[in-house]
Amino acid sequence: MNFADSEVVGSILTTAGYGLADTPEEAGFVLINTCAIRDNAEQRVRHRVRELRALQNRKKDLRIGILGCMAERLQDRLMTEEDNLSLVCGPDAYRRLPELIAQVRRQSGEQQAAVELSTTETYADIEPVRLGSNGITAYISIMRGCQNYCAYCVVPYTRGRERSRDPQTIVDEARTLFERGYREVTLLGQNVNSYSWEEQGDTCDFPELMARVAGIDPRLRVRFATSHPKDLSDKLLEVMAAHPNICRCIHLPVQSGSNRMLKLMNRKYTVEWYLDRVDAIRRYLPDCSITTDVIAGFSTETEEDHQATLDLFRRVRYDYAYMFKYSLREGTYAWRHLADDIPDEEKTRRLNEIIALQGQIALENNRLELGREYEVLVEGESHRSKERLFGRNSQNKVLVFDRIPAAGGPAAEEGTYRRVRVTDCTAATLLGELVQ
Ligand code: 5AD
Ligand code: SF4
């Protein structure tokens, strides 16, 4: 989401006449787009701001600004604490950036802040500049904000109320990308399943939006993130089943395998509900991969709760998981009402157990792939060797393979689809060979 936001900022600023610099050394203004979801994300930003101070000592006219959720969360406090900052700008105020930057440059020394949240801003009319793009895959933001108020989560406070973007602008953006040679778009929102648009009797929900984007061209792959389990509907699964170019991968953050924890987290579903949704995915889309997010050591989590999470992981057998230690965030429900009472070493132990189990499951899942063939969208050179390429299958698994087929035939090219047979694997990657 931040990546997509940076592309909107890039567009606003290039339209205002600014250009992109390749390095901070070449820049007159450094803008850091930030995440506030866990404390370690914020500490990395603080570190970066302090590193840039050294550069500022050499380049007296270099200015630094903080964008995004950390700007929204801390506002003026951030500029008091980091006095080398010239501006803070929250996620709904990016249209004001040209004006703020001009102010900073006019009145050197004066710090600028814009942190008002909006109930309507979706940047729908802004065509993002594609930053560091491979020309093949792109993100499209379809909604902003979140009002689910999970007890641990700062997002509803930093990104404001949920609002959906005009579907026509989304379809147009996807079509333009396809016409420019892009072959995959990922539709982004905090909870895409509650996407909803109504205008003069014309309504569009998320399954309908997916069908419209998938209908642009069968050669355009469509992905989406993130789904809240409480809202994952059979209707969406039916639309996915009807469109082979909607990728067979669903990110379904579970957060915990314990009903007591889920209730305390205000997730609004039970383990039983979640497993029913997993069954529905497997029924409609037998070859679909499922990935998740999980938090270890939330308030009052017992060993029994933790074991329930491990059990859930053994049952679902995720293809990938983002695994986190609970981080207390100021302003959240948990900050106001629930103790952060699991010692850090205990959180770490639980997290490490989840990571170890998931590593084993991912490796076992990947071993089942040996000998299977997939259509892969070729994305670029493998990091290790120029002779090898990488791409992803519909399930979002990375495959690495030789550019030239062993049995002869044309070399694979970036931005095209090729058939690849899996010959070997690690827990993270499938290795394969091109099939004629
Ligand atoms: N502590 C740890 N993890 C968190 N997440 C959100 N808030 C917190 C927090 N306070 C995780 C959730 C979410 C993902 C994006 O980040 O798992 O799905
Ligand atoms: Fe945070 Fe919950 Fe909203 Fe996700 S659904 S952004 S975890 S409040």
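Atoms within each ligand, like the ligands themselves, are counted from 1 in listed order.
Ion pairing of Asp83 with Arg53 is present here, as a side-chain N (NZ or NE/NH1/NH2) and a carboxylate O approach within less than 4.0 Å. Arg50 has a carboxylate O that lies under 4.0 Å from a charged side-chain N of Glu82, or vice versa, which qualifies the two as a salt bridge. The pair Glu184-Arg392 fails the salt-bridge criterion, with no side-chain N (NZ, NE, NH1 or NH2) lying under 4.0 Å from an Asp/Glu carboxylate O. Ionic pairing of Asp305 and Arg350 is not present here: no N-O contact between side-chain nitrogen and carboxylate oxygen is shorter than 4.0 angstrom. Using a 4.0 Å cut-off between a side-chain N of Lys or Arg and a carboxylate O of Asp or Glu, Glu127 and Arg180 qualify as a salt bridge.
Protein heavy atoms all stay at least 4.0 Å away from atom 4 (Fe) of ligand 2.
Set against the non-hydrogen atoms of Arg329, the atoms of ligand 1 under 4.0 Å away are 10 (N).
The aromatic rings of His251 and Tyr322 sit perpendicular, their planes meeting at an angle over 60°, well past the 30° parallel limit.
Ile37 CG1, 3.4 Å is the protein heavy atom nearest to atom 6 (C) of ligand 1. For atom 18 (O) of ligand 1, the nearest non-hydrogen atom of the protein is Asp293 OD2, 2.6 Å. Annotation: atom 7 (N) of ligand 1 to nearest protein heavy atom, Tyr152 CD1, 3.3 Å. Closest to atom 7 (S) of ligand 2 among all protein heavy atoms lies Tyr152 OH, 3.4 Å. In this structure, atom 3 (N) of ligand 1 lies nearest to the protein heavy atom Arg38 NH1, 3.4 Å. Here the protein heavy atom with the shortest distance to atom 2 (C) of ligand 1 is Lys325 O, 3.3 Å.
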Open item on the list: salt bridge (charged side-chain N to carboxylate O under 4.0 Å, His left out), that's the test. Do Arg349 and Glu346 meet it? Break it down for me.
Closed with: CA-CA 5 Å; Arg349 180 188 66 83; Glu346 183 60 17; 2.6 Å; yes

- [ ] Mind running side chain to side chain donor-acceptor pair (under 3.5 Å) on Asp234 and Tyr284 for me, showing each step along the way?
- [x] CA-CA 8 Å; Asp234 282 25; Tyr284 283 100; 3.2 Å; yes

- [ ] In sequence, state the C-alpha distance, the side-chain angles, and the governing distance for Tyr149 and Tyr157, and then conclude on ring-ring contact (aromatic ring centres under 6.0 Å, His included).
- [x] CA-CA 9 Å; Tyr149 293 99; Tyr157 308 94; 5.6 Å; yes

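Protein atoms that are N, O or S and lie under 2.8 Å from atom 2 (Fe) of ligand 2 are these: Cys150 SG.
We find the CZ-CG distance between Phe206 and Leu232 to be 9.5 Å, quoted to the nearest 0.5 Å.
With a 4.0 Å cut-off on non-hydrogen atoms, Gln255 touches ligand 1 through its side chain and not its backbone. Contacts with ligand 1 closer than 4.0 Å are made by side-chain heavy atoms of Ile295 only, the backbone lying farther away.
Heavy-atom proximity to atom 10 (N) of ligand 1, evaluated over Ser327, Ala334, Pro253, is greatest for Ser327.
What you find for Ser256 and Met261 is that their closest heavy atoms are OG-CB, 3.3 Å.
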